[in-house]
2 protein chains.
Amino acid sequence: MIRVMVVDDQALVRRGFALVLDNESDIEVVAEAGTGIEAIEAAREHQPDIILMDIRMPEMDGLEATAQILKAGEAAEASDTPCRVIILTTFDPDEYVFRALQAGASGFMLKDIPPESLVEAVRTVADGGAMLAPGITRRLISQFAQKMGTGRNLAERLERLTTREREVLAAIAHGKSNVEIAETLFIGPATVKTHVSSVLSKLGLRDRAQAVVFAYECGLATAGGRDVGF
Amino acid sequence: MIRVMVVDDQALVRRGFALVLDNESDIEVVAEAGTGIEAIEAAREHQPDIILMDIRMPEMDGLEATAQILKAGEAAEASDTPCRVIILTTFDPDEYVFRALQAGASGFMLKDIPPESLVEAVRTVADGGAMLAPGITRRLISQFAQKMGTGRNLAERLERLTTREREVLAAIAHGKSNVEIAETLFIGPATVKTHVSSVLSKLGLRDRAQAVVFAYECGLATAGGRDVGF
DNA sequence: TCCGGCCTCCCCCAAAAGGGGGAGGCCCCC
DNA sequence: GGGGGCCTCCCCCTTTTGGGGGAGGCCGGA
């Protein structure tokens, strides 16, 4: 049995969703809430498996509530609460979807979907999957492909470098100085300078800062992996 | 009427999919192919709206075929061929999904889905949306959130900078030299040096190369947007 | 065998970058 | 009115960087 909580500031909408879901034999609506604050409270109390969350609400919006609920959930560390959130909103998601996914939402659907789709989304997410509105999936894909895909022509330029030069470029992209690169590669600083020079000239770059840009743009370095502790 | 082409090296599988789809009143299977080469040929000839594409095939795999078909489609520039591809595979998608999305696929499903889901996916994609297997959507989301989310603690460090300093940092992240920054910001080179110095000291960085790394890691600069023409 | 690419290191030199300090003007807040 | 923060620019200095050579050793292909 999938335990669901419905969060929406409009009681009518809330009841509508609840009725649709309760009509399914494997789904049970165990709680409702009308604000983000109430949602946090109710989530703690009823421990639902799935939360259907509206965004626009008084007191605290659904994104903030989502972030707090999921943070509390993982803090509890209990395996009994892999509570997952599906954002359900009326509005154009463009400005929200990013924050929602960052907050940890497992779904993002528009309220204009047919009831069966809502039920399907609940089951899918309860099953460990994720479900986005088709248009959102498309945008996510295109952003993903773009972000990872730029490397095409640039990666070709990369191939003009020798192995050693690529290693040096990677080190540069870590923010290392020539001396540090020399130490990590077990070669002399003069050698590093030679490699750096050929990297720059082969790639048509002017200085190591541009080399760092290049490394990120072509995918040799990727944001998200680095400890910027230096 | 949605015109579909089914590509799979196993004739039996192909026929199965075709029967399921042809059973729907709004879907028509107009072509089949058993290899990537055949698929490219058949796509040109029959101009389907949707292609269901297997990955593992002799002669040319489905990913390569997808890339070529979509490239040909956009080269044709004709608005009559917004041909979209749904990848349908048996195997663990982990190693393929990335290439598939880069190739331009609008969907990525596993063959173990129920027939209704296949039909739904075809309709969704034909309608301009995208559909991924739930697990894949989840992974895509987590990668997305991770990539964009690193900025949290680093973005706080960013807030210690003044407006001007952030502008300078952004310019550094474009690979500009101090003189170039001075020109784009309409200030003197000496002033730029001052700003650069305070940026570095405030962020605990050593040189502009590390500043570029920081900018990418905290999201001030993002891969994919830059022309690395310098 | 010899040539060419690669890796290693050296020299010198000019330019850029980074650090330190000082200074004037501006604006906002106490 | 007097700080204090910010933006602007100046000075001098050291370090790093990048460019231009040259050179020896290694290895694989012509």
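We name chains A, B, ... by the order of the sequence lines, and we start the count at 1 in each one.
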task: For the pair A/Arg99 and A/Asp61, evaluate salt bridge (charged side-chain N to carboxylate O under 4.0 Å, His left out) and give the outcome as yes or no after the intermediate values.
output: CA-CA 12 Å; A/Arg99 285 174 57 204; A/Asp61 75 18; 3.7 Å; yes
Passing option when B/Asp8 is tested against B/Arg56, B/Lys111, B/Arg14 for salt bridge (Lys or Arg N to Asp or Glu O under 4.0 Å):
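Among B/Arg56, B/Lys111, B/Arg14, the one that satisfies the salt bridge (Lys or Arg N to Asp or Glu O under 4.0 Å) with B/Asp8 is B/Lys111.
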Between [N] atom [atom2] and [X] atom [atom1], what is the distance in whole Å?
X        : N      : atom1 : atom2 : result
A/Arg160 : C/dG5  : CZ    : C1'   : 17 Å
B/Arg208 : C/dG19 : CZ    : C1'   : 15 Å
A/Gln210 : C/dA17 : CD    : P     : 10 Å
B/Arg166 : D/dC7  : CZ    : C1'   : 15 Å
B/Ile187 : C/dG24 : CD1   : P     : 20 Å
A/Ile172 : D/dG18 : CD1   : C1'   : 11 Å
B/Lys193 : C/dG20 : NZ    : P     : 13 Å
B/Arg206 : C/dA16 : CZ    : P     : 21 Å

[N], OP1 or OP2 - any side-chain N/O from [X] closer than 4.0 Å?
X        : N      : value
A/His195 : C/dC9  : no
A/Asn178 : D/dT16 : no
B/Thr191 : D/dC7  : no

After noting the C-alpha distance and the side-chain angles of B/Gln47 and B/Cys83, does the key distance pass the side-chain contact (heavy atoms from CB on, under 4.5 Å) rule?
CA-CA 7 Å; B/Gln47 302 282 324; B/Cys83 170; over 6 Å; no
**Asked** So, do B/Gln102 and B/Phe98 sit near enough that their side-chain heavy atoms are less than 4.5 Å apart?
**Response**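 Yes, at least one pair of side-chain atoms sits under 4.5 Å.
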Side chain proximity check, A/Arg208 to A/Val196, heavy atoms < 4.5 angstrom: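 A side-chain contact exists here, since the closest heavy-atom pair is under 4.5 Å.
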Measuring from the side chain of [X] (C-beta onward, heavy atoms only), which nucleotide among [options] has the closest atom?
X        : options                : result
B/Ser197 : D/dT17, D/dG18, C/dG19 : C/dG19
B/Ala190 : D/dT8, C/dG18, D/dC10  : D/dC10
B/Thr162 : D/dG19, C/dT8, D/dC7   : D/dC7
A/Leu200 : D/dG18, C/dC9, D/dC9   : D/dG18
A/Ser177 : D/dT17, C/dT8, D/dT8   : D/dT17

| message | Taking A/Arg166 first and then A/Glu159, would you say they form a salt bridge - that is, a charged N and a carboxylate O separated by under 4.0 Å? | response |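 Salt bridge between A/Arg166 and A/Glu159, a charged N being under 4.0 Å from a carboxylate O: no.
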Contact nearer the 5' end of DNA chain C, comparing A/Val192 with A/Lys202 =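 Result: A/Lys202.
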Review point. Counting any heavy atom closer than 4.0 Å, what does B/Thr194 reach on the DNA or RNA strands: base, sugar-phosphate only, or nothing?
Key: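 Base: the residue B/Thr194, judged by heavy atoms under 4.0 Å, touches a nucleobase.
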* To do: Answer with base, sugar-phosphate or nothing: what part of the nucleic acid does B/Val179 contact at a heavy-atom distance below 4.0 Å?
  =>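 Contact class for B/Val179: none.
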ask   = Could one point to a donor on the side chain of A/Thr163 or the base of C/dC6 with an acceptor on the other under 3.5 Å away?
value =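 Side chain to base: no pair present.
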(request) For B/Asp207 and for B/Glu165, locate the closest nucleotide of DNA chain D by heavy-atom distance; then report the residue assigned to the nucleotide nearer the 5' terminus. (result)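 It is B/Glu165 whose nearest nucleotide is closer to the 5' end.
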